[in-house]
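Notes follow once the structure below has been shown.
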Amino acid sequence: MKKHLVLTFIFFAACVMASAAQQAPAQQNASAQQQQNAPQGNAANGRKLFVSFGCYQCHGYEAQGGSAGARLAPRPIPYAQLLKYVRHPTGEMPPFTEKVVKDSELTDIYAFLRAQPPAPDVDKIPLLKQ
Amino acid sequence: MAKNGSVDRRNFLKSAAVTGAAIVGSAAASEAQNAPPAPAAAAPGTAPIAPRETDPSLEADIVTTDRPGGDFMVDVLKSLNLEYVAANPGSSFRGIHESIINYGGNSAPEFITCCHEESSVAIAHAYSKVEGKPMAVLVHGTVGLQHASMAMYNAYCDRVPIIVMAGNTLDATMRRPGVEWNHSVQDAAAMVRDFTKWDDLPWSLPHFAESAVRAYKISMTPPMMPVMLVLDGGLQEDPISDEVKGRLRIPKLTLTTPPQGDAGAVAEAARLLVNAQNPVIIADRLARTPAGMAHLIELAEVLQAPVIDQGGRMNFPSHHALNLSNGGRALLGNADVILGLELADFWGTVDSFRDSLIRSSRPITKPGTKLISITAGDLYMKSNYQDFQRYPEVDIAMAADAEATLPALIEAVKRAMTGDKKTAFEARGKRYSEQHGNALDRTRSDAAVAWDASPVSTARLTAELYNVIRNEDWALVSASGNTSNWEKRLWKFDKHYQWLGGSGGAGVGYGAPAAVGGALANKKHGRISVAIQGDGDFMYAPGVWWTAAHHKLPLLAVMHNNRAYHQEVMHVQRMGNRHNRGITRAHIGTTLEDPFINYAQIVKGMGVYSEGPISNPNDLGPALARALAVVKKGEPALVDVVTQPR
């Protein structure tokens, strides 16, 4: 294990989390129309790919986000934007080129993200009111 | 070994042997007596050849002592009020071990039995942060110290005082054949000298007393760090001679006053802060004592400036309206003055770094932002290990203890303030208070995403844990494995002991023993210690849970069991992506699967109450409540939860 890398990574992750959190409201607001304009994909296969391609590592199995990656669902960013970002990330995310992930596979991943249910109403979760 | 009349093992045995020989007239003794006298003057370079020395190995009549050197060592440790000594037993310190438990009554210091030296040191590390004073550790000077070394490095990086004592057998002719030779070393401290502040090899008991008091004082002088004493076996085990008895005294301990920032620099810093539009205060290893947090609250409120708590210590209440720790880059990008208090990495705080094929960095701050640093780190630095991070280009650098400097800085800020500033500051404070509230709302709605997920989300894990402890006097003594910082964002931290900071050197394996050390310190205060335990961290030295059970420590731990060294999964994934291949194989060598590890079963085997593995989030609350009931009876408990990665 490269223990010495841990600290650095955590720091960047913290920065990313902070900036991702700040950007999230604007970015997550893809309209329903924009989301529907995405090519149709297979959500069940998308969920599998989300794990096998390692997206879950930073974004969580439910794409909920965390200190290592932005929240991607529910209500993902428009498909075109996702495609662009995955190929040419500008922050800490590593790039996924066409050589390793096909556009059609990203279509399935997008279908999975779109299919994620909305979060429960925070006011109905007493543990989050403390 | 000890000279000038102090009875070292060799001389003691020799004289005993001679006495014995006179009485019993053993064969070896008479043989030595009958040997022909050495020539009066040997030729230069040719030492007289005496018959092969038998070493003082003759059977002596005197076979016991009721005042070994170790007893005096215990007197010294007691004078320093060292509450505990953590150790995995080792023969090179059997002398002082026996003195501690018998002569010292196994109280102050009390022996804490550990299953690994890395655990001993990390236990002391966390204890020291709770109590604000060092705890002692005993190790073998060789193999034990080798085990202990990584944990000592963590404590060094974390600027924490620990007194490590290592046994050794210096006199080669007095070593037992075999193992004792393997466990002896010329310069025991050499291997950790790069990351200890001071060490010594006391030559006599009076020397030990002076060096122990000095070691305590040096370790407690900011920047605080581990120190080390090497204890010769003979010095511990042999009788205290009459001559030495007359010289035994324990010097007075007077702790160094922590260094305050220069008055001129303090005034200049105050002027910059008062005149700034958007000052930001960042604290890392600031609060050494409860006073640190009180001072920081006062400074922030006087200035109505936002605080980013980097979490090296419990610096600032998590729910204070000026706490904008998650404001991150935006706050720093807008700042015109940044005050850094004991930052481990000022450069990394104000610069971003991209870990890409071509590594790059750029400032987060805008040009002209004034940077003020107050850190005792500038007072003491070593070369070999690179924990000092990149060189920060600051405008004011006070080589001083930040906690000790804050009162003067607060006074200087108050003096520099005018009435109109006060109104402007209040308006600024209102803005930040709103931001703080909005951030909290956003945190809560973010926490709701994946609330019912299985594996359990880290937000749910921390919220469920908080729910059972929030009405107790609790302390989060350790959090390993990265839970996306939910606890800091959701829980109300407002007492200095509720958070201790991390490992310091990011040496994994700190989390589990630190939880035990924190619980050890908190026990007498009646606090419930809680820990969020990473699975990878747990596996380095799980035996520490036996220590928790044996010493009946009230510790409630939840396993953040993401079944991986997850940080490394991401690192390997990054390499696969960068090299355009194998992006589905990052789990190889990084995950803890096939078979999964049953942590509940592991600790159960060590006498610890446990539940799990829990995958259904709805099972978590009731399990935690049952575990807490056990902890409230004064015992440890562990709940294993299968979790989301971060």
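Every chain is numbered from 1, with letters handed out A, B, ... down the list of sequences. Just so you know, these numbers come straight off a predicted model, no measurement behind them. Computed from heavy atoms alone, side chains included, the values below leave out hydrogens, waters and symmetry copies.
Taking the ring pair (Phe, Tyr, Trp, His ring centres under 6.0 Å) definition, one finds that Phe346(B) meets it with nothing, sequence neighbours left out.
Distance check: Gln389(B) CD to Thr349(B) OG1 gives 9.0 Å after rounding to the nearest 0.5 Å.
Most heavy-atom pairs under 4.5 Å with chain B: of the set Gln64(A), Glu62(A), Gln57(A), this distinction falls to Gln57(A). Counting heavy-atom pairs closer than 4.5 Å to chain A, the top residue among Glu464(B), His587(B), Gln573(B), Arg581(B) is Gln573(B). Most heavy-atom pairs under 4.5 Å with chain A: of the set Ala459(B), Pro645(B), Ser356(B), this distinction falls to Pro645(B).
The shortest side-chain heavy-atom distance between Ser325(B) and Lys488(B) does not fall under the 4.5 Å cut-off.
Within the 4.5 angstrom heavy-atom criterion, no atom of Gln386(B) approaches chain A. Using a 4.5 Å cut-off between heavy atoms, Leu128(A) touches chain B through backbone and side chain atoms alike. Residue Ala447(B) touches chain A through both its backbone and its side chain, counting heavy-atom pairs closer than 4.5 Å. Heavy-atom distances place both the backbone and the side chain of Arg444(B) under 4.5 Å from chain A. Both the backbone and the side chain of Thr584(B) come within contact range of chain A, with heavy atoms under 4.5 Å apart.
Other residues, nucleotides and ligands contribute only 12 or fewer heavy atoms inside 6.0 Å of the CZ atom of Arg585(B).
Between Tyr56(A) and Tyr61(A), the ring-plane angle classifies as parallel under the 30° and 60° cut-offs. In this pair, Tyr79(A) and Tyr110(A) present their aromatic rings perpendicular. The plane angle is above 60°, beyond the 30 to 60° band.
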Output, in order, the C-alpha distance, side-chain angles, deciding distance and verdict of salt bridge (charged side-chain N to carboxylate O under 4.0 Å, His left out) for Arg285(B) and Asp158(B).
CA-CA 8 Å; Arg285(B) 295 200 183 102; Asp158(B) 200 22; 2.8 Å; yes
One pair to check against salt bridge (charged side-chain N to carboxylate O under 4.0 Å, His left out): Asp355(B) and Arg578(B). What are the steps and the verdict?
CA-CA 11 Å; Asp355(B) 178 9; Arg578(B) 195 174 290 177; 3.0 Å; yes
Please evaluate residues Asp351(B) and Arg390(B) with respect to the criterion salt bridge (charged side-chain N to carboxylate O under 4.0 Å, His left out), reporting the C-alpha separation (whole Å), side-chain torsions for both, the decisive distance (0.1 Å), and the verdict.
CA-CA 10 Å; Asp351(B) 291 271; Arg390(B) 205 158 156 191; over 6 Å; no
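Close approach to chain B, defined as a heavy atom under 4.5 Å from one of its heavy atoms, is seen in Pro95(A), Phe96(A), Thr97(A), Lys99(A), Val100(A), Val101(A) of residues 95-103 of chain A, taken by number.
Summarising the geometry of Ile364(B) relative to Ser352(B), their closest heavy-atom pair is CG1-N, 3.6 Å, with the distance given to 0.1 Å.
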